[in-house]
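Notes follow once the structure below has been shown.
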2 protein chains.
Amino acid sequence: MSNSAIEHLTEPQQRILSFISHYMDEHDVPPTIREIQKGAGISSTSMVSYHLKALERANLLNRYERRSRGVVLTHPHRVSPRDIVSVPIVGRIVASEPAPTPDPDALADVENTIQVARSLVGNADGLYALEVQGDSMIDALINDGDIVIMQRTDEIKNGDLAAIFLTDRNESTLKRVYREKDGKRLKLKPENPTMKPFYVDARNAMIQGKVMCVIRKT
Amino acid sequence: MSNSAIEHLTEPQQRILSFISHYMDEHDVPPTIREIQKGAGISSTSMVSYHLKALERANLLNRYERRSRGVVLTHPHRVSPRDIVSVPIVGRIVASEPAPTPDPDALADVENTIQVARSLVGNADGLYALEVQGDSMIDALINDGDIVIMQRTDEIKNGDLAAIFLTDRNESTLKRVYREKDGKRLKLKPENPTMKPFYVDARNAMIQGKVMCVIRKT
DNA sequence: ATAATACGCGAACAGGCGTTCTATGTCAAG
DNA sequence: CTTGACATAGAACGCCTGTTCGCGTATTAT
């Protein structure tokens with residue numbers, strides 16, 4: 001950090017800061033200079049400009065020069081859209097069917113979306129969510145109603161928790177996957193440590209996605 | 001919901017939507033009409049206006065009339081700071097000890113914090129998080145390393161999932177709690193549906209908090 | 001006192017900006 | 001073919017907006 005700090009903000013400067021913050025809560029865009037003038041009770045636009053410069057020096061806001069509404073508050077007040085990601089819930093996962101995969105057309109159906117912090121899931125590309133139905137995923141420590149956040153991929157690293165469809169059994173399951181040395185078999189290890197791993201022929205296993213995160217609301 | 005839906009968006013309309021979204025990721029304010037025109041490759045400002053009207057009708061964006069940069073995308077893309085909450089991870093929960101409770105002084109130790117979407121946890125007051133150690137919470141379908149988001153409270157509704165310290169056994173556990181009619185016993189039901197509930201004397205059970213959410217990063 | 005500095009006001013400028021109007025083109029239904 | 005609904009261009013209008021400049025008024029150090 002550089003020399004930030006609230007080096008004795010003058011009173012009108014605090015009013016400006018507070019006004020911008022409230023204004024952005026209400027509308028979704030920053031105010032104009034003149035709106036600040038009125039809203040924060042400043043006498044002239046040039047004074048607003050003056051105070052804004054001071055606030056910028058104090059690192060409390062950033063300005064895009066010569067752009068209308070070009071003032072944005074720095075970190076503390078504002079959350080970048082990058083910090084949260086809306087993941088579409090594309091269906092239910094049940095043992096007796098392949099896990100649904102995202103339909104690229106079905107964009108952001110507002111209702112069926114779960115918000116998660118980016119820090120939990122990393123990059124948003126290829127992310128989708130499944131709601132678990134029934135207790136068929138109990139050996140993955142996942143119960144009815146839990147939500148699994150997946151990343152679409154068919155390449156996984158050893159030890160990744162993934163959704164696998166077993167073609168010979170006609171079943172989906174969530175397991176940790178390890179490739180055997182000969183590459184012909186997969187070792188599937190339940191997330192539940194009290195249960196034993198088992199092995200399947202690699203040709204009978206379709207990897208449908210990688211589990212990024214499991215969420216249980218209560 | 002009203003009549004939302006992507007009633008066959010025309011191709012330039014999709015470009016506009018996408019441009020606005022990307023623009024707002026980069027700058028923090030919405031673009032102007034003319035910026036949209038250039039950025040989305042529209043031939044004239046009137047065409048932008050024309051498409052914007054259509055998009056507004058489709059509930060994909062809101063407009064503040066006659067305001068510069070007065071177009072904001074609806075719900076999915078924009079995040080208010082109130083939509084995310086930082087929950088402090090105050091300790092580990094192990095079966096053989098009471099579950100830690102938050103120290104009100106220890107504010108926002110940046111490192112030991114987990115970000116979650118408000119929609120998962122509701123009000124942020126009294127929220128704290130525990131990391132589960134060992135597999136002692138397996139009957140709550142929670143494994144080593146999972147994170148439990150708790151709300152400090154000693155009053156719970158029947159059927160709430162809660163952290164209980166059993167004084168006679170010297171154990172913490174996470175169970176669904178039901179008060180018996182006589183108020184003297186509690187029924188504790190494991191989250192794992194394959195396990196059976198059991199009963200404890202209410203005087204031997206200290207309710208330490210309510211489970212709001214369980215998160216497993218993988 | 002003098003000068004330097006910070007703070008304050010209002011007006012004016014130039015370009016930004018949303019809106020609207022007219023003219024033209026496309027295409028399918030009547 | 002005509003008509004009417006929709007799509008497209010371009011230009012013009014008029015308010016919006018950030019910036020600047022000249023001119024005051026305090027406060028403080030010299």
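No experiment lies behind these values; they were computed from the predicted model shown.
Taking 4.0 Å as the cut-off between side-chain N and carboxylate O, A:Lys210 and A:Glu155 do not count as a salt-bridged pair. B:Lys217 has no carboxylate O lying under 4.0 Å from a charged side-chain N of B:Asp146, or vice versa, which leaves the two without a salt bridge. Of the charged side-chain nitrogens involved, none lies within less than 4.0 Å of a carboxylate oxygen, so that A:Glu180 and A:Lys187 do not count as a salt-bridged pair.
One can place CD of A:Glu65 at 7 Å from P of D:dT19, the figure rounded to the nearest angstrom. In this structure, A:Gln13 atom CD and C:dA6 atom P are separated by 13 Å, rounded to whole Å. Rounded to an integer number of Å, the gap from B:Lys38 NZ to C:dG16 P is 8 Å. Rounded to an integer number of Å, the gap from CD1 of B:Ile42 to P of C:dG18 is 15 Å. Whole-Å rounding puts the B:Met47 CE to C:dC21 C1' distance at 13 Å. Whole-Å rounding puts the B:Lys53 NZ to D:dT8 P distance at 14 Å. Atom CD1 of A:Ile33 is separated from atom C1' of C:dA11 by 16 Å (rounded to the nearest Å). Whole-Å rounding puts the A:Tyr64 OH to C:dG15 P distance at 24 Å.
Proximity note for A:Tyr50 (side chain, C-beta onward) versus D:dT20, C:dC7, D:dA11: the nearest is C:dC7. You'll find that the side chain of B:Ser46 is closest to C:dT20, out of D:dC21, C:dC17, C:dT20. Out of C:dT20, D:dT17, D:dT19, the shortest distance to the side chain of B:Thr45 is found at C:dT20. In this structure, the nucleotide among D:dT20, D:dG10, C:dC17 sitting nearest to the side chain of B:Ser44 is D:dG10.
Using a 4.0 Å cut-off, some side-chain N or O of B:Arg69 falls inside it from OP1 or OP2 of C:dC17. Contact annotation: A:His51 side-chain N/O to C:dC7 OP1/OP2 distance is not under 4.0 Å. For C:dG16, neither phosphate oxygen OP1 nor OP2 lies less than 4.0 angstrom from any side-chain nitrogen or oxygen of B:Ser68.
Nearer to the 5' terminus of DNA chain D, by closest-nucleotide assignment, is the contact made by B:Arg34 (compared with the other of B:Arg34 and B:Arg66).
Here CG of B:Asp135 is found 8.5 Å from CG of A:Asn192. Values are rounded to the nearest 0.5 Å.
Between B:Phe19 and B:Tyr23, the ring planes lie tilted relative to each other; the angle falls in the 30° to 60° range.
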